[in-house]
Peer 1: 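I am attaching a structure below and will ask some questions about it afterwards.
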Amino acid sequence: MVKLRFAPSPTGNLHVGNYRTALINFLFTKINSGHFLLRIDDTDNERSKIEFEKSIKEDLSWAGLKWDSEVKQSSRIKRYRQVLESLIKKQFVYPCFETPEELLLKRKSQLSSGKPPVYDRSSLKLSPSNIEKYISEGRKPHFRFMLNHETVFWNDLVRGECKYNMKNISDPIIVREDGRFIYTLASVIDDIDLNITHIIRGEDHVTNSAAQIQLFNSLGSKAPTMGHLSLMTDFEGESLSKRIGSISLKELRHNEIESLSLNSYLSLNGTSKNIILRNNLHEIISDFKISDFNRAPTKFNFNDLKKLNSKFIQQLNYEEIKSRFNYLDLKIEKNAWEVIKSNIFSLSELKKWDQIIYGELLENDVEEIMKENFIKHMPENKFNSETWKNWTYNLEKNLDIKKSEIFKLLRKALTGISKGPEMSELILIMGKEKILDRLKK
RNA sequence: GGCCCCUUCGUCUAGUGGUUUAGGACAUCGCCCUUUCACGGCGGCAACACGGGUUCGAAUCCCGUAGGGGUCACCA
């Protein structure tokens with residue numbers, strides 16, 4: 001069975017870039033009737049926070065991404081220890097004694113002399129007696145995985161045939177000096193133990209993947225199928241994850257973005273399909289194809305997302321919209337919603353229309369004399385579907401003003417703004433009394 | 001700086017050597033509908049980064065240049 005994992009580190013809130021990866025993993029899993037694992041990558045216990053873990057889960061739930069199982073790396077340290085021992089025994093892993101400062105210095109000097117900042121393996125050249133001496137001095141080793149300097153090949157789900165020459169990267173550190181494990185190894189052990197079949201993540205992981213493929217092999221396993229998505233950038237083409245205060249799901253929610261709009265957008269942006277609002281998550285799943293994603297980086301276009309979201313709001317029926325504005329304490333009734341819905345672009349606008357339809361007097365800059373005229377020519381009888389037509393007809397006949405001008409002024413006098421839904425229907429909902437009231441102000 | 005990836009309308013993209021006056025969607029603009037605005041319907045504008053090859057023929061293949069992104073952590 002197909003099994004994928006989304007493996008966030010709980011060091012911050014989910015942002016759109018992260019979430020996009022989560023979504024695509026989820027969709028790939030579901031279209032293949034697979035198992036979706038949520039793995040909390042919290043090996044870095046200095047930066048990991050339980051609040052972030054909670055927040056990430058909250059966001060995933062909000063978005064409708066149900067995970068089938070869950071595991072935390074911090075609960076698997078014992079297992080990692082075991083595997084580390086075996087790797088040391090087999091000499092796939094070697095101890096190193098450089099301090100972080102020394103390494104940094106090394107990199108800097110390599111870089112400034114035009115060389116790639118790749119670790120020179122000097123610790124590998126240490127004699128056993130040297131190592132003993134270091135340890136007796138109280139120095140603690142960190143461990144690196146010894147890369148095989150050949151070319152690694154893999155067939156990537158989105159990038160096709162890929163290869164990477166391992167000479168270009170450093171032997172990855174897999175255990176810190178203080179004994180804490182680093183994600184590189186932990187992730188591979190988990191993927192093996194938990195039978196992960198496909199790894200889909202951002203392009204920023206390609207060199208990791210290359211190294212990890214060797215790690216899988218050294219552990220006697222075949223690496224899962226890899227897929228590297230191109231990264232999403234902001235509108236200026238700047239990386240989303242690097243951006244300070246990059247857009248979090250929380251932020252999107254504060255902007256009243258609904259999960260269906262977000263999921264529609266993210267599952268379509270960067271593909272050859274048109275960006276449209278889907279009807280539900282099922283539809284998104286059944287139409288998902290990983291090969292639709294382009295290799296070129298794509299832009300996160302907030303306007304496109306907002307547009308989708310407007311569409312979503314406009315097609316809600318009364319019960320659905322009502323459940324969304326309960327907390328806003330609005331009076332809007334069913335007939336009112338039907339009239340205003342096509343003019344609404346965001347939930348927050350409901351407040352404005354609630355005020356216009358049910359609220360008190362409004363400011364507007366229509367002249368008093370004009371308002372008096374409006375009253376004077378208002379049809380006498382009870383308001384009905386012909387009222388607006390008759391009213392504006394009367395005004396046109398008696399006032400010697402262009403019809404379109406009458407329309408605009410009357411709309412403005414009654415609603416305070418120059419845009420909005422069909423007036424002939426709106427006045428019926430507002431009612432004669434309120435309208436008279438408003439004109440008399 | 002090394003390595004990897006990318007470059008078609010404003011945006012997301014179709015295009016795998018001739019079927020292409022480069023197609024669609026969104027945005028934009030115009031018209032129609034509506035005795036206003038919006039919604040809706042119809043239509044227009046708008047792109048192959050640049051320079052060399054290869055070829056009868058190139059957006060499509062090759063080389064180079066430029067630009068963008070990623071990566072090179074005792075982060076994930």
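Just so it is clear, the structure is predicted and the values come from calculations on it, not from any experiment. Every chain is numbered from 1 and lettered A, B, ... according to where its sequence line falls, protein lines coming before strand lines.
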Peer 1: Tell me which nucleotide among B:rC4, B:rU11, B:rA76 gets nearest to the side chain of A:K299.
Peer 2: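 Shortest atom-to-atom distance from the side chain points to B:rU11.
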Peer 1: Answer with base, sugar-phosphate or nothing: what part of the nucleic acid does A:T392 contact at a heavy-atom distance below 4.0 Å?
Peer 2: base
Peer 1: Are any of A:R5's side-chain N or O atoms less than 4.0 Å away from OP1 or OP2 of B:rA76?
Peer 2: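 Answer no for this pair, as no side-chain N or O of A:R5 is under 4.0 Å from OP1 or OP2.
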Peer 1: Without decimals, in angstroms, what is the distance between A:F300 CZ and B:rU11 P?
Peer 2: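 To the nearest whole Å, that distance equals 16 Å.
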Peer 1: Kindly say if A:S230 contacts the phosphate of B:rG69, meaning a side-chain N or O under 4.0 Å from OP1 or OP2.
Peer 2: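 For B:rG69, OP1/OP2 do not have a side-chain N/O of A:S230 under 4.0 Å.
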Peer 1: How would you label the contact of A:G420 with the nucleic acid (heavy atoms, under 4.0 Å): base, sugar-phosphate, or nothing?
Peer 2: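 A:G420: base contact, heavy atoms under 4.0 Å.
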Peer 1: Confirm from the modelled atom types if A:N208 and B:rA76 form a donor-acceptor pair under 3.5 Å, side chain to base only.
Peer 2: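 By the distance-only test, yes, there is a pair.
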Peer 1: With heavy atoms under 4.0 Å as the rule, sort A:T271 into base, sugar-phosphate or nothing.
Peer 2: sugar-phosphate
Peer 1: Could you tell me which nucleotide pairs with B:rC3 by Watson-Crick or G-U wobble geometry, both distances under 3.5 Å, or answer none if nothing does?
Peer 2: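 Across any shown strand, B:rC3 pairs with B:rG70.
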Peer 1: With both distances under 3.5 angstrom, what nucleotide forms a Watson-Crick or G-U wobble pair with B:rC42?
Peer 2: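 Partner of B:rC42: B:rG30.
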Peer 1: Across all strands shown, which nucleotide pairs with B:rA76 by Watson-Crick or G-U wobble geometry, both distances under 3.5 Å?
Peer 2: none
Peer 1: Which one of A:V118, A:D171, A:N168 satisfies the side-chain contact (heavy atoms from CB on, under 4.5 Å) criterion with A:L147?
Peer 2: A:D171
Peer 1: Looking at A:R159, does any N or O in its side chain come under 4.0 Å of the phosphate oxygens OP1/OP2 on B:rG70?
Peer 2: no
Peer 1: Touch check for A:P117, heavy atoms < 4.0 angstrom, all strands: base, sugar-phosphate only, or nothing?
Peer 2: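 Touches a base.
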Peer 1: Within the structure shown, what part of the strands sits under 4.0 Å from A:F345 by heavy-atom distance: base, sugar-phosphate, or nothing?
Peer 2: sugar-phosphate
Peer 1: Taking only N and O in the side chain of A:R107, is any of them less than 4.0 Å away from OP1 or OP2 of B:rA73?
Peer 2: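 Affirmative; the distance criterion is met.
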